[in-house]
Every structure is written in structure tokens, then in C-alpha cells.
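Remember, predicted model here, so these are calculated numbers, not experimental data. What you see below is based on every heavy atom in this structure, not just the backbone, and it leaves out hydrogens, waters and symmetry mates.
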Amino acid sequence: MGYPPIIVTGMHRAGTTLLARILEEMGVFMGNKKDQNNESVFFQRLNEWIFTQANATWDNPYNFRFINEGFV
């Protein structure tokens, strides 16, 4: 039986990269496909897909206010 996953989330410039690197240095497996900022490529693509569905971007999430309840 394995351990439950650890998912680090946070706002831009909130220290999430630092936290993930510290956890990784302590031996916590933080994923195998990461970009130059130590962020999971899988979750980046998932976020991009969600933004696309709402016609929004990370720096302009306003359209999320109008998304369909079925999508939520």
C-alpha cells in the first residue's frame, strides 16, 4: 500500500516551487515530468484545458464567472 499523493497548489509567486523543491530534497516523489520551474506538465496541461473551456487565461480568469453549471 502506497502513500496518498501530495499536490502543491498556490498562487503565482507564493512559494510553491520552493516548497516542492524542499519536499523533493526530503525524499518526497513530486512527479517525473516537470518543466524548468519544477511544475508538473500534467497539471499545467489540465489547467490550460480548463481555461480553454471557459475562454479564459491564467491572467484573465474573468470568464469563469459565466461557465456552465454542467461543466463545474
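Hydrophobic clustering keeps V41 apart from L46 (ILVMFWY residues linked when any side-chain heavy atoms are closer than 4.5 Å, directly or through intermediates). The hydrophobic clustering, which links ILVMFWY residues whose side-chain heavy atoms are closer than 4.5 Å, places F43 and W49 together. Following chains of ILVMFWY side-chain contacts shorter than 4.5 Å, one can reach M30 starting from L19, so the two form part of one hydrophobic cluster. Linking ILVMFWY residues whenever their side-chain heavy atoms come closer than 4.5 Å, directly or via other members, places I7 and I50 in the same cluster.
The two residues F51 and W58 come nearest to each other via the heavy atoms CZ-CA, 3.5 Å. Nearest approach of N55 to N63, heavy atoms of both residues: O-ND2, 2.6 Å. Here the closest non-hydrogen pair linking Q36 and R21 is O-NH2, 3.6 Å. Taking each heavy atom of A56 and P61 in turn, the nearest pair found is CB-CA, 4.0 Å. Here the closest heavy-atom approach between residue V8 and residue L23 is recorded as CG2-CD1, 4.2 Å.
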CA sep, side-chain torsions, deciding dist, call: T9, T16, side-chain contact (heavy atoms from CB on, under 4.5 Å):
CA-CA 7 Å; T9 64; T16 53; over 6 Å; no
Apply side-chain contact (heavy atoms from CB on, under 4.5 Å) to residues I67 and Q53 and explain how you reach the verdict.
CA-CA 8 Å; I67 59 175; Q53 301 309 304; over 6 Å; no
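A salt bridge links K34 and E24; the closest N-O separation between the charged side-chain nitrogens and carboxylate oxygens is under 4.0 Å.
Residues forming a side chain to side chain contact (heavy atoms under 4.5 Å, CB included) with N32 (at least two apart in sequence, or on another chain): F29.
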